[in-house]
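Given the structure is predicted, the values throughout are model-derived calculations rather than measurements. We name chains A, B, ... by the order of the sequence lines, and we start the count at 1 in each one.
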2 protein chains.
Amino acid sequence: MTNGRDMIPQKQIDRRIQEFVEACRAQGIKTTNQRMEILQELARSEQHPDAESLFLGVRKRLPSLSLDTVYRTLRLFEERGIITRVGSIKERARFDANTKRHHHFICTQCGLISDFYSETLDRLKPPSEVEAVGTTDTVYIELRGICNACQAQKRAQS
Amino acid sequence: MTNGRDMIPQKQIDRRIQEFVEACRAQGIKTTNQRMEILQELARSEQHPDAESLFLGVRKRLPSLSLDTVYRTLRLFEERGIITRVGSIKERARFDANTKRHHHFICTQCGLISDFYSETLDRLKPPSEVEAVGTTDTVYIELRGICNACQAQKRAQS
DNA sequence: GTGCCTGCAAACCCTTTGCACTTTA
DNA sequence: TAAAGTGCAAAGGGTTTGCAGGCAC
């Protein structure tokens, strides 16, 4: 592998793998070859790859790997907080006809989406260092949490 | 239809429809019954509905409506800036092994995702009015724009 | 009347799942 | 060796598309 701009220092990756092995021990997850390689492939990239890219990359070293193992592994890692998913919680597409500038609160439990308005957030400027990467058109902000209804329900259950 | 809490004043909807008709005239889009009804259904709701909910709602008034017309209409409206989609630009899931607190810049043209760090953004607090809806766990921020490579390419073309 | 729009049905793509076999601890 | 993990193939769910007829302009 060449030292292209999408490379993370090997030292950092080793530390990440070390953390991972410990996390697995602590959580009772088996540290299989497949999982190690998938995590390493992800940790090594700065491209925020999708399941298929990871699959293609890891398969060079592990030709028997199957795509569904990649999906299963990523889901497992995400559930355990070992990795994160970029962007919104994936669900079906939802739409909005509100043309006034606004932001969303999203309940991670029931999926409620609620509009709110905030001049402070509207005025938020992207940090200048981002200019090195590109020009920002919009600052998308999403508050994620638990709505009052879901909280009340939780309290009632306990 | 009852006056539940998910209702938007009819006056506001009428204004929205009026805007829509004008936008269609201006852009040379036909104002069909289906489109009017779909937009009205969306404008009337505060639930940020998905394609299927809209389909079920509109079908009460337009029984011949098909689900793919709803999809086509929503896509058209979105392209023309008449409505917006909640959450990230929908594409396949992409993952991240970076465990340091960070944010993303996303190029809306090529899909590049780039990490950046900002203490200002890390410290951002949700506006207090959101407490009326629920408790915020995380503030998700995404900068959307055009990366330098895509800009250079655009310039080269013109 | 012309060309955009619609409904229908089938295709599509990403992701998930059931099952039998394999591997890890 | 017991339980967890894997590969395979097939299903699943949301979304898109090709086509023939229908409708707005």
Side-chain angles (χ1 to χ4, degrees), chain A residues 17 20-42 48-80 82-83 85-95 111, chain B residues 17 20-39 41-42 48-56 58-80 82-83 85-95 111:
Chain A
I17 296 292
F20 165 65
V21 173
E22 282 158 21
C24 288
R25 294 260 152 78
Q27 301 194 39
I29 296 175
K30 290 183 180 166
T31 58
T32 64
N33 222 323
Q34 287 89 332
R35 288 174 180 175
M36 299 281 275
E37 290 288 356
I38 291 168
L39 184 70
Q40 198 153 164
E41 185 79 17
L42 180 58
H48 305 78
D50 58 25
E52 184 144 9
S53 320
L54 291 168
F55 170 62
L56 295 173
V58 175
R59 204 171 51 165
K60 290 176 195 156
R61 275 159 280 136
L62 234 74
S64 71
L65 182 75
S66 73
L67 180 56
D68 45 287
T69 294
V70 177
Y71 275 110
R72 267 191 284 237
T73 302
L74 290 171
R75 197 146 38 104
L76 177 75
F77 287 177
E78 193 189 359
E79 282 164 13
R80 303 305 176 107
I82 295 168
I83 64 170
R85 184 184 292 248
V86 179
S88 299
I89 303 97
K90 211 240 186 61
E91 50 165 17
R92 55 187 69 163
R94 292 173 64 174
F95 299 87
Chain B
I17 296 292
F20 165 66
V21 173
E22 282 158 20
C24 288
R25 294 260 152 76
Q27 302 195 36
I29 297 175
K30 291 185 179 161
T31 57
T32 64
N33 221 323
Q34 287 88 331
R35 288 174 179 173
M36 299 281 274
E37 290 288 355
I38 290 168
L39 183 70
E41 184 77 18
L42 181 58
H48 306 79
D50 57 26
E52 183 145 11
S53 319
L54 291 169
F55 169 61
L56 294 174
V58 176
R59 203 171 52 166
K60 290 177 195 157
R61 274 160 281 138
L62 233 74
S64 71
L65 182 75
S66 74
L67 181 55
D68 45 285
T69 294
V70 177
Y71 276 110
R72 267 191 285 235
T73 302
L74 291 171
R75 196 147 39 103
L76 177 75
F77 286 177
E78 193 188 0
E79 281 163 14
R80 303 306 176 106
I82 295 169
I83 64 169
R85 184 184 292 248
V86 179
S88 299
I89 303 96
K90 211 240 187 58
E91 49 166 13
R92 56 188 68 163
R94 292 174 65 175
F95 299 87

- Quick one: how far along DNA chain D does chain A reach, first to last nucleotide 5' to 3', anything under 4.0 Å to a heavy atom? D/dA3 to D/dT15
- Note on the structure: DNA chain C nearest-nucleotide lookup for B/Val70 and B/Arg94: closer to the 5′ end is B/Val70
- N/O (side chain, A/Tyr71) to phosphate O (OP1/OP2, C/dT15) under 4.0 Å: yes
- Task: Can you see which heavy atom on B/Leu39 is nearest to which on B/Ile82, and at what distance?
- Result: CD1-CG2, 4.2 Å
- Item | Test log, rule side-chain contact (heavy atoms from CB on, under 4.5 Å), inputs B/Val70 and B/Val58 | CA-CA 9 Å; B/Val70 177; B/Val58 176; over 6 Å; no
- Query: For A/Arg35 and A/Phe77, which heavy atoms make the closest approach, and how far apart are they?
  - Reply: O-CZ, 3.8 Å
- Query: Nucleotide by nucleotide, 5' to 3', does protein get under 4.0 Å of the base (B), only the sugar-phosphate (S), or neither (-) in nucleotides 17-22 of chain C, counting heavy atoms?
  - Reply: BB----
- Item | For B/Phe55 against B/Ser66, the heavy-atom pair lying closest together | CE1-C, 3.6 Å
- Taken to the nearest 0.5 Å, the spacing of B/His48 NE2 from B/Ile83 CD1 works out to 11.5 Å
- Assess whether side-chain contact (heavy atoms from CB on, under 4.5 Å) is satisfied between A/Leu65 and A/Glu37, documenting all intermediate values. CA-CA 10 Å; A/Leu65 182 75; A/Glu37 290 288 356; over 6 Å; no
- Item | Separation between CG of B/Asp68 and OH of B/Tyr71, rounded to the nearest 0.5 Å | 10.0 Å
- Item | 5' priority, DNA chain C, between B/Ser66 and A/Arg25 [closest heavy atom] | B/Ser66
- A/Gly87 versus B/Ser88, closest heavy-atom pair with distance: CA-OG, 3.1 Å
- Query: So does B/Arg35 get a side-chain nitrogen or oxygen closer than 4.0 Å to the phosphate oxygens (OP1/OP2) of C/dT6?
  - Reply: yes
- Query: At what distance, to the nearest 0.5 angstrom, does CG of A/Leu56 lie from CG of A/Asp50?
  - Reply: 8.5 Å
- Task: First locate atom CD of B/Glu79, then atom CG of B/Leu74, and finally report the distance between them rounded to the nearest 0.5 Å.
- Result: 11.0 Å
- side-chain contact (heavy atoms from CB on, under 4.5 Å) between B/Val21 and B/Met36: does it pass, once the steps are laid out? CA-CA 8 Å; B/Val21 173; B/Met36 299 281 274; 4.0 Å; yes
- Item | Considering all heavy atoms, the nearest A/Glu41-A/Gly57 contact | OE2-CA, 3.5 Å
- Taking atom CD of B/Gln34 and atom CZ of B/Arg72, what is their separation to the nearest 0.5 Å? 10.5 Å
- Message: Give the residues of residues 48-56 of chain B touching DNA chain D, defined as any heavy atom closer than 4.0 Å, sorted by residue number.
- Response: none
- Message: Quick check on contacts: within residues 27-34 of chain A, what sits under 4.0 Å from DNA chain D by heavy-atom distance?
- Response: A/Ile29, A/Lys30, A/Thr32, A/Gln34
- Item | Euclidean distance, atom CE of residue B/Met36 to atom C1' of C/dT6 [Å, nearest integer] | 17 Å
- Looking only at heavy atoms, the pair that brings B/Gly111 and B/Arg94 closest together is O-NH1, 2.7 Å
- Task: For DNA chain C, produce a single dot-bracket line, 5' to 3'. Pairs: Watson-Crick or G-U wobble, both distances under 3.5 Å. Symbols: ( ) within strand, [ ] crossing, | other strand, . unpaired.
- Result: |||||||||||||||||||||||||
- Any salt bridge (charged side-chain N to carboxylate O under 4.0 Å, His left out) involving residues 20-32 of chain B? Give me the pairs, sequence neighbours left out, ordered by first then second residue. none
